[in-house]
2 protein chains.
Amino acid sequence: MATALGEGSLSRVERKERTRRAILDTALDLSADTSLVAVSLRQVAKEVGIVPTAFYRHFASIEALGLELVDESFVSLRAVLRDVRRPDPSLKQLIDGSVDVLAEHVEARRAHFGFIARERVAGPPAVREAVRHQIELVERELATDIARIPGTEAWASDDLRVLSRLMVTSMVATAEALILAARPEMTQDIKDQARTQLRMVLVGALNWKSQG
Amino acid sequence: MATALGEGSLSRVERKERTRRAILDTALDLSADTSLVAVSLRQVAKEVGIVPTAFYRHFASIEALGLELVDESFVSLRAVLRDVRRPDPSLKQLIDGSVDVLAEHVEARRAHFGFIARERVAGPPAVREAVRHQIELVERELATDIARIPGTEAWASDDLRVLSRLMVTSMVATAEALILAARPEMTQDIKDQARTQLRMVLVGALNWKSQG
DNA sequence: AGACTGAGAGTACAGACGTTCACTGAATCG
DNA sequence: CGATTCAGTGAACGTCTGTACTCTCAGTCT
């Protein structure tokens, strides 16, 4: 069974997984310049250091690879929701915290957030579809999170959906701005603006019921 | 000078302009499937019905063509602001009106709004840059519009920018949703949601000063 | 130890790509 | 009317694309 492996050498499955990861990472990297639709199988193969045909041992097509990247990227996005909901749900400090959490995750998984923003509107059809579906799920997830916050129990579910949609939209927009930010000082500006934006939205939402 | 032209025939400049338009329209149409980066010069030429090399008589590259499309598209976007600001600036009916105006313009210039949404994040570098710059200008334009509304005179200019940015972001998101909407009944839903969203944001903004 | 499996190599092909160049012929100009 | 201009033609180029095949040979299983 397990032949003792030399320290530098890897088992067959490990080697395969290693190449697979390299392909995924390379494709993610190359797509950052424009979109996954502009990435060719041969480009990826060359960058990874394998022959073009070897690509097929791992993925049936660039599009299939893209669907995998969608899953990975949304793990990163959901992690934001998870970390936001971790601390006590006091609304005051939740705002500042949320923006920081988002910024940290964007910093750590820059490529994933960029991928979502791009491929949502300009990816291969199947990938675009997958991203949109995932975003809808995230919107729902956020809606149930909000519903758990004291003071929002009586909200209409439609209003809840509108609010969570608005928050996800501006969350993606903020992530996009953070990715684009060249210098660290800009990052601080964007975070401040995002905080103000989020406060405005929540002030609106809290005064919402009285509107009718 | 002007030789009498047969009814069906056109002058030389008219012919050239006609081809030029066909190229622009075709490129806009083809890019709708993914992004302008995935559109080739030869594809466009074939669709228009000219030989590939004739393309160069009109544009130096697909990228240059794209910059032209950016200008055209933002004429369509600015038209929304113009039509929104036309009626009296009473805040109540401004909300309902704005969403309708946006929906009408998106319906009429579907391709332009889609182009902006896509190429902003996934176009050729120069095109992306141009779109972003134009969006920033539109944000500023909207900010000065808002500043003219009674009751917002005392706002900090930073807050004004944050609000207008938020509004443009959700405006683009709404346009995107409207374009994607397959059936007309969905359009009504999206418009309702956009109205609620806009109201929420404005309720927030109006109660903003008291926050400090 | 011998058989088997499968990731990757290598070769090959047909088609699409951007770009070059010399050309044609109808509209325009003097 | 003769000279000029220029949008569109057509052939040719070198490069890149996805995909089909056969082959190799190290890691694995029995």
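Predicted, not measured: the structure shown is a model, and the values here were computed from it. To find a chain, count down the sequence lines: A is the first, B the second, and so on, and within it residues start at 1.
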Kindly compute the distance separating [atom1] ([X]) from [atom2] ([Y]), expressed to the nearest 0.5 Å.
X	Y	atom1	atom2	value
B:Glu14	B:Arg18	CD	CZ	10.0 Å
B:Glu141	B:Arg78	CD	CZ	5.0 Å
B:Thr187	B:Glu185	OG1	CD	9.0 Å

Taking only residues two or more places apart in sequence, or in another chain, which ones meet [X] in a side chain to side chain contact (heavy atoms under 4.5 Å, CB included)?
X	answer
A:Arg132	A:Arg120, A:Val121, A:Arg128, B:Glu176, B:Leu180
B:Glu107	B:Arg110
A:Thr196	A:Met200, B:Asp159, B:Val162, B:Trp208
A:Ser98	A:Val84, A:Leu94, A:Leu198

Rounded to the Å, how far apart are [X] [atom1] and [N] [atom2]?
X	N	atom1	atom2	answer
A:Leu41	C:dA16	CG	C1'	16 Å
B:Glu17	D:dG8	CD	P	11 Å
A:Ile50	D:dG18	CD1	C1'	14 Å
A:Lys16	C:dG8	NZ	P	8 Å
B:Phe59	D:dA7	CZ	P	12 Å
B:Arg15	D:dT9	CZ	P	12 Å
A:Gln43	D:dT17	CD	C1'	10 Å
B:Glu14	D:dC6	CD	P	17 Å

Extract from the structure each pairing of a protein N or O with an N or O of nucleotides 10-12 of chain C at less than 3.5 Å, listing the distance.
residue	atom	partner	partner atom	Å
C:dG10	O6	A:Thr53	OG1	3.0

Under 3.5 Å donor-acceptor pair, B:Arg57 side-chain atoms to D:dG8 base atoms:
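Yes, a donor-acceptor pair under 3.5 Å.
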
Could you go over nucleotides 2-4 of chain D and give all protein N or O partners under 3.5 Å, atom names and distances?
none

For the pair A:His105 (side chain) and A:Val101 (backbone), establish whether a donor and an acceptor sit closer than 3.5 Å, ignoring hydrogens and angles.
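Yes, A:His105 side chain to A:Val101 backbone: donor-acceptor pair under 3.5 Å.
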
Kindly state which residues belonging to residues 22-32 of chain A come within less than 4.0 angstrom of DNA chain C, counting heavy atoms of the residue only, listed by number.
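Contacts with DNA chain C under 4.0 Å: none.
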
Please list all pairs passing the side-chain hydrogen bond (donor to acceptor under 3.5 Å, both in side chains) test where one or both residues lie in residues 22-35 of chain A, with sequence neighbours left out.
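Listed by first then second residue: A:Arg21-A:Asp25, A:Ser31-A:Arg118, A:Ser35-A:Glu119.
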
Can you give the donor-acceptor pairs under 3.5 Å from side chains of residues 56-68 of chain B to other protein atoms, not counting sequence neighbours?
residue	atom	partner	partner atom	Å
B:Ser61	OG	B:Glu63	N	3.4
B:Ser61	OG	B:Ala64	N	3.1
B:Glu68	OE2	B:Arg20	NH2	2.9

Can you pull out how bent the helix from C:dT5-D:dA26 to C:dG30-D:dC1 is, comparing the axes over its first five and last five pairs, to 10°?
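Here the helix ends are tilted 20° relative to one another.
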
Which atom names give the shortest non-hydrogen contact between B:Val131 and B:Phe74, and what distance separates them?
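Taking B:Val131 first and B:Phe74 second, the nearest heavy atoms are O-CZ, 3.6 Å.
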
Taking every non-hydrogen atom, the tightest pair across A:Ser164 and A:Leu142
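So the two residues come closest at O-CD2, 3.8 Å.
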
Specify the residue among B:Val13 and B:Val39 whose closest nucleotide of DNA chain C lies further upstream toward the 5′ end.
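So the residue in question is B:Val39.
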
When you match A:His58 and B:Lys46 each to their closest nucleotide on DNA chain C, which lands nearer the 5' end?
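Mapping each residue to its closest nucleotide by heavy atoms, the 5'-most match is A:His58.
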
Applying salt bridge (charged side-chain N to carboxylate O under 4.0 Å, His left out), name anything that partners B:Asp189, two or more places apart in sequence or on another chain.
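Testing B:Asp189 for salt bridge (charged side-chain N to carboxylate O under 4.0 Å, His left out), a comparison that skips the adjacent residues, returns none.
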
Using a 3.5 Å cut-off and no angle test, enumerate the donor-acceptor pairs between side-chain atoms of residues 47-54 of chain B and protein atoms at least two apart in sequence or in another chain.
none

May I ask you to verify if any side-chain N or O of A:Ser11 is less than 4.0 angstrom from the OP1 or OP2 atom of D:dG27?
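Looking at the OP1 and OP2 atoms of D:dG27, neither is under 4.0 Å from any side-chain N or O of A:Ser11.
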
Which nucleotide wins on minimum distance to the side chain of B:Tyr56, given the candidates D:dT19, D:dT9, C:dT20?
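It is C:dT20.
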
